[in-house]
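Here the structure comes first, spelled out in structure tokens, and everything after it is commentary.
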Amino acid sequence: MTSLLDKAVAAPRALTHRELAELLSWPDVDALFAAAYEVKCREIGRVVSFRGLVEFANVCEKDCYYCGIRKGNGKVHRYCMDAEEIVREAEWAFKAGYGSLVLQSGELTGEKNAAFVEDVLRRIHAFGGDDFGVTISLGEQSEKTYRRWREAGAHRYLLRIETSNPGLYAKLHPADHSWERRRDCLRALRRCGYQVGSGVMAGLPGQTVDDLASDIEFFAAEDLDMIGMGPYIPHADTPLGKDASWTPELRKERLELGLRMIAATRLHLHDVNIAAATALQALDPEGREKGLLAGANVIMPNITETRYRADYQLYAGKPCLNEDSTLCRGCLERRIAAIGETILWNRRGDSPHWGRR
Ligand code: SAH
Ligand code: SF4
């Protein structure tokens with residue numbers, strides 16, 4: 001019964017589609033998490049990397065059916081931080097020893113936005129240099145824009161494919177949102193020299209275990225360096241979330257599914273960076289720690305100024321809305337020490353897979 005776990009621990013990228021599906025439904029969930037954690041400790045160490053997350057704007061040109069800040073949601077109060085504020089927060093993360101930063105926003109295209117982001121990146125690079133890892137997560141852009149931002153100092157890019165199933169993708173987005181274009185963006189990012197990260201939501205309506213197994217095969221086929229996955233959490237002001245039933249049992253199931261995805265991904269890919277998404281914490285106060293124990297090695301503490309946080313709600317129940325970044329730092333440090341892991345202060349925490357390639 002345990003031979004499949006042993007096989008997965010022994011060698012990377014050795015599992016078939018059927019075996020991945022089997023792992024995702026593995027009856028002894030503790031044994032599944034323990035096997036994934038063993039691989040994580042061997043490949044990465046008993047260490048966690050921090051990325052300070054700045055959600056600098058909630059204006060978005062897109063209308064994804066699941067997302068709370070989609071352009072069609074008229075209830076959202078829109079904001080865009082100015083360059084000085086973003087750079088100030090980045091500097092805070094640098095001085096606090098976070099080692100790296102993630103800048104995220106809704107998707108905006110056009111020259112004005114490209115120039116704004118370029119300016120912010122150059123200012124951050126001026127004090128952080130290449131020792132301070134800068135990740136951006138700004139949606140689908142032209143290859144020219146990706147290149148421009150890479151040259152201005154961004155090292156990594158996060159762009160979730162959301163689901164590897166184009167048919168399911170089509171049901172979750174308006175007709176002018178294209179799965180193929182998103183996949184091509186991942187390839188363009190690779191050509192521009194980024195460490196490339198992607199991921200999916202787990203528990204989407206209509207998604208099957210086979211879809212999730214295919215998602216992990218997609219991560220392998222695209223040779224990704226970083227994986228960011230989280231449970232899908234309905235948002236009442238969205239087409240997909242407005243009638244969703246959301247019971248304590250469902251939350252528990254969704255959390256476990258998110259953790260199973262982390263574990264199965266670690267067991268197949270071995271040496272990539274995997275983030276324990278904040279959405280896990282939205283479902284359980286200890287969700288991120290559970291993510292680490294299921295094979296993740298990255299946490300992205302929110303360092304956005306508190307007054308903006310309530311306006312950046314992609315899903316319901318976002319945690320830490322009122323805790324300032326200093327509090328978050330202390331609280332996280334304690335939680336991580338409690339599970340016997342050490343934080344890698346002042347280190348970029350690059351994906352070992354990227355280093356090897
Ligand atoms: N606009 C950029 C980055 C911000 S959205 C982009 O879309 O790439 C970041 C991620 O939030 C999305 O990729 C999606 O996977 C996740 N997300 C959005 N709505 C969500 C929901 N209701 N539950 C869980 N995750 C959600
Ligand atoms: Fe915009 Fe990203 Fe939300 Fe889609 S998921 S609506 S692109 S912020």
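Just so it is clear, the values below take in all heavy atoms, side chains as well, and ignore hydrogens, waters and symmetry mates. For ligands, and for the atoms within them, numbers begin at 1 and follow the listed sequence. Fair warning: this is a prediction, and the values are worked out from it, not measured in the lab. By convention here, the first residue in the shown sequence is residue 1.
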Return the closest protein heavy atom for atom 3 (Fe) of ligand 2 as residue, atom name and distance. C67 SG, 2.4 Å
Any idea which of G230, P231, A279, C185 brings a heavy atom closest to atom 24 (C) of ligand 1? P231
Minimum distance, heavy atoms only, to atom 7 (O) of ligand 1: which one of R254, R182, R160 is it? R182
Shortest reach to atom 8 (S) of ligand 2 by a heavy atom, considering only L108, L159, I69: I69
Is E222 paired with R190 through a side-chain N to carboxylate O contact shorter than 4.0 Å? no
For the atom pair NE2 (H268) and CD (E217), what is the distance rounded to the nearest 0.5 Å? 6.5 Å
Is there a protein heavy atom less than 4.0 Å away from atom 1 (Fe) of ligand 2? yes
Between the side chains of Y194 and R147, does any donor sit under 3.5 Å from an acceptor? no
May I ask which of I161, L314, L172 has a heavy atom nearer to atom 10 (C) of ligand 1 than the others do? L314
Under 4.0 Å from a heavy atom of R70: which atoms of ligand 2 are those, numbered in the order shown and with their elements? 6 (S)
Short N-O contact, D311 and R78, less than 4.0 angstrom: no
Among S105, C60, C64, the residue with a heavy atom nearest to atom 1 (N) of ligand 1 is S105
Should D271 and K40 count as an ion pair when the cut-off is N to O under 4.0 Å? no
Give a yes or no on whether a salt bridge exists between E143 and R191, defined as a side-chain N under 4.0 angstrom from a carboxylate O. yes
Under 4.0 Å between a side-chain nitrogen and a carboxylate oxygen: does that hold for R122 and E118? yes
What atoms of ligand 1 come within less than 4.0 Å of a heavy atom belonging to Y312? 4 (C)
Specify side chain, backbone, both or neither for C64, according to which of its non-hydrogen atoms lie closer than 4.0 Å to ligand 2. both
Nearest heavy-atom neighbours spanning A275 and I262: O-CD1, 4.3 Å
Based purely on interatomic distance, does Y66 place a nitrogen or oxygen under 3.5 Å from a nitrogen or oxygen of ligand 1? yes
Regarding atom 12 (C) of ligand 1: of the candidates E162, R70, M229, which has the closest heavy atom? E162
Would you say CZ of R309 has more than 12 non-hydrogen atoms from neighbouring residues, nucleotides or ligands within 6.0 angstrom? yes
If you scan protein heavy atoms around atom 23 (N) of ligand 1, the nearest is I233 N, 3.1 Å
Tell me, which protein residue and heavy-atom name are nearest atom 26 (C) of ligand 1, and how many Å apart are they? M201 SD, 3.5 Å
Winner among E140, Q104, E61 once heavy atoms are compared against atom 9 (C) of ligand 1: Q104
Looking only at protein heavy atoms, which one is nearest to atom 7 (S) of ligand 2, and what is the separation? C60 SG, 3.6 Å
Numbered in order shown, the ligand 1 atoms found under 4.0 Å of a heavy atom of S137 are 3 (C)
Just wondering, do M81 and E89 contact through their side chains at under 4.5 Å, heavy atoms? yes
Note: R70-E107 ion pair, threshold 4.0 Å (strictly below): no
Between Y157 and ligand 1, which residue portion shows a heavy-atom distance shorter than 4.0 Å: side chain, backbone, both, or neither? neither
